[in-house]
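Working notes, beginning with the structure itself.
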Amino acid sequence: MIQEVLESNQIILLIALLLVISVVVTKFSSRLGVPSLVLFILVGMLVGSDGLDIVYFDNPELAQTIGVISLVIILFEGGMQTKWGGMKKVLAPSITLATIGVVLTTSIVAVFVKYILGASWLEAFLIGSIVGSTDAAAVFAVLKGKNIRHKLEDTLEAESGTNDPMAVFLTITFIQLLTEESTSVFGLIGLFFWQMGLGAVVGVVLGYIASYSLNRINLDSSGLYPLFAISFALLSYSVSSLLQASGLLAVYVTAVVIGNAELAYRYSILRFNEGFGWMAQILMFVILGLFVFPSEVFTSDIMLRGLLISLILMFVARPAAVYLVLAFFRFTYKEKMLISWAGLRGAVPIVLSIFPMLAEVENSQMIFNIVFFIVLTSALVQGASITWLAEKLSLVSDKLSNPIHSLELISVGRANVEIIEFDVSDNNRITGEKLEDIQLPDKALINAIIRNGDIITPYGQTRILAGDTLYVTVSKQVKKQVQQVLKDVRQGVGEEE
């Protein structure tokens, strides 16, 4: 009994240390110019059997389960932050990239893999399918806070959030062709359209149900609302999967619907999702780092062939697919170049590379090692240079839109009032105005201003300055009007297409 307690305590201590180390390394990721996901993987490899030999982990079923659940949480967090107003403008090119673009990338990579690895055509297309899609976890993490033009950021996020169904479909298709002689290709194509269509429908339906429930159901504690919201993400994935639809697409659509609805506890939900999303990223990439055996990946043969395939993917396959697909849409040469370079690979390819292991495909371990090395090089090379390239191409814009947060200091059901937090920028119409000149509705009051770290008690003659943080008490009936007044920008200042 005592021995079991000691072992459980040691496990808890190990988990605590891994979380502490992983959180601390995020502090250095931006300074080093290395995406945090790479550092999380390195932490996993360090404590794994080929590192310090603290943890031995080689369970593909558990690795896949943890990876999928983590992806659900990360997709939900990313979708909640997606603005439909910007997304709908780029929906057509994003969906085209997520479907035809993935097929083109897969096909080009497969041709080179055939000769670089000496694999069969089916094995070559399987590897191409696994690395053919961009990764939402990597894209969301790398683009967050980089201030890349909204059109490009929306395109990349929408593509990465919707291209998983195509990658999963292609991967499963070639696994079945390798393992089952009686596989019907036409049946699989029909299944793809079923997965995409029904996944989107389930996402929309559950998104509206979730939005309605979050606003109508009065819970005893505000801390329950974020848990209630994340439960719909898991519900969306599971319902879609049971119907043989795309669970990951359903989760993303559900999150977009919820994120663009008026929510009573939006601020609490978003902050919870952000923290939970970070935890999911840490858990997923550390587990994937534990699952890999560096002594098998970092061999001269795997590294040389993996580097060749990675270079083909970065400089040939992805750019060719992007330029061909976006030839029919209004994107400049520079914008296409950045979209090509921002096709990050991350958790999804690694999780998909576990599928052949579970299906007992021949050479599955080699496939996993190759894919892992490709993801590592993609994250290191592309992830670390996206911001630099965007600046060189002059595709970084000034921040024009300001996030408006609702601070749920007053419980729903007890009062019909919220406090809005708003950061003022140079482009806002209210900048430089006196409070008495700002036309706010009667049921709204600016009751505090934070300026240069100091709190200012506002009165009629107080001027609003760029950099101020306003706290506005507002009745829910006039909340949208207040938001419009605060977000309004000066004439002649607008966001790029």
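Around atom CD of E296, more than 12 heavy atoms belonging to other residues, nucleotides or ligands sit under 6.0 Å away. The environment of E360 atom CD is sparse: at most 12 non-hydrogen atoms of other residues, nucleotides or ligands sit within 6.0 angstrom. The neighbour count for M279 CE, taken as heavy atoms of other residues, nucleotides or ligands under 6.0 Å away, does not exceed 12. Other residues, nucleotides and ligands place no more than 12 heavy atoms under 6.0 Å from the CD atom of Q244.
The closest donor-acceptor contact from the side chain of N260 to the backbone of W84 lies under 3.5 Å. The backbone N or O of L214 sits nowhere less than 3.5 Å from a side-chain atom of R216 that would complete a donor-acceptor pair. With E157 contributing its side chain and D154 its backbone, the two residues share no donor-acceptor pair below 3.5 Å. Looking only at distances, no side-chain donor or acceptor of R345 sits under 3.5 Å from a matching main-chain atom of S378. Formation of a donor-acceptor pair under 3.5 Å by the T299 side chain with backbone atoms of S295 is not found in this model. E77 places no side-chain N or O within 3.5 Å of a backbone atom of G277 that could act as its donor or acceptor partner. Judged by distance alone, the side chain of N363 and the main-chain N or O of M366 form no donor-acceptor pair under 3.5 Å. Without hydrogens or angle criteria, S385 side chain to W388 main chain gives no donor-acceptor distance under 3.5 Å. In terms of modelled atom types and a separation under 3.5 Å, the side chain of S310 and the main chain of T377 share no donor-acceptor contact.
Considering N163, V102, I339 in turn, I339 is the only one that fulfils the side chain to side chain contact (heavy atoms under 4.5 Å, CB included) rule with L97.
With hydrogens and angles left out, the side-chain atoms of T134 and S160 include no donor and acceptor closer than 3.5 Å.
Outside the 6.0 Å centre-distance limit, the rings of Y237 and F76 are not counted as a close aromatic pair. Aromatic ring centres of F174 and W121: separated by at least 6.0 Å.
Closest of all the heavy-atom pairs between K151 and T155 is O-OG1, 2.7 Å. S340 and Q382 get closest at one heavy-atom pair: O-NE2, 4.0 Å. Here the shortest heavy-atom pairing between F40 and Q281 reads CD1-O, 4.1 Å. Nearest approach of L170 to S129, heavy atoms of both residues: CB-OG, 3.4 Å. Minimum interatomic distance between A321 and G101 (heavy atoms only, all atoms of both residues): CB-O, 3.6 Å. The two residues M303 and V297 come nearest to each other via the heavy atoms CG-O, 3.9 Å.
For the pair I41/M45, a side-chain contact is recorded, criterion being any heavy-atom separation below 4.5 Å from C-beta on. By the 4.5 Å heavy-atom criterion applied to side chains, V322 and F331 are not counted as neighbours. You'll find the side chain of E123 stays beyond 4.5 Å of the side chain of I127, heavy atoms only. At least one side-chain heavy atom of W341 sits less than 4.5 Å from a side-chain heavy atom of M314. Between F368 and P356, every side-chain heavy-atom pair lies at or beyond the 4.5 Å cut-off. Between L126 and L122 there is no side-chain heavy-atom pair separated by less than 4.5 Å. Residues F276 and I74 are not in side-chain contact: their nearest non-hydrogen atoms beyond the backbone lie 4.5 Å or more apart.
Note that CG of N369 is 10.0 Å distant from CZ of F293, once rounded to the nearest 0.5 Å. Considering CZ of F272 and CG of L224, their distance stands at 10.5 Å, rounded to 0.5 Å. Note that CG of L288 is 9.0 Å distant from CD1 of I66, once rounded to the nearest 0.5 Å. Considering CG of L395 and CG of L389, their distance stands at 7.5 Å, rounded to 0.5 Å. Atom CD1 of I130 and atom CD1 of I370 lie 11.0 Å apart (nearest 0.5 Å). In this structure, I287 CD1 and L62 CG are separated by 6.5 Å, a value rounded to the nearest 0.5 Å.
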Test side-chain contact (heavy atoms from CB on, under 4.5 Å) on V257 and Y252; report intermediate values, then the result.
CA-CA 9 Å; V257 173; Y252 185 69; over 6 Å; no

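Every side-chain contact (heavy atoms from CB on, under 4.5 Å) that S213 has, sequence neighbours left out, goes to I209, I217, F228, F232. A search for side-chain contact (heavy atoms from CB on, under 4.5 Å) contacts involving T96 returns I100, V325, F329, not counting sequence neighbours. By the salt bridge (charged side-chain N to carboxylate O under 4.0 Å, His left out) test, E159 is found to be paired with R318, residues two or more places apart in sequence or in another chain being considered. Residues passing the ring pair (Phe, Tyr, Trp, His ring centres under 6.0 Å) test with Y212, sequence neighbours excluded: none.
Cation-pi geometry between K114 and F125 is not met at under 6.0 angstrom from the ring centre and within 45 degrees of the axis.
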Can you give the donor-acceptor pairs under 3.5 Å from side chains of residues 347-355 to other protein atoms, not counting sequence neighbours?
unit_1: S353; atom_1: OG; unit_2: P349; atom_2: O; d: 3.4
unit_1: S353; atom_1: OG; unit_2: I350; atom_2: O; d: 2.5

Let me have the donor-acceptor pairs involving side chains of residues 194-207, under 3.5 Å, with sequence neighbours excluded, atom names and distances please.
unit_1: W194; atom_1: NE1; unit_2: L243; atom_2: O; d: 2.9

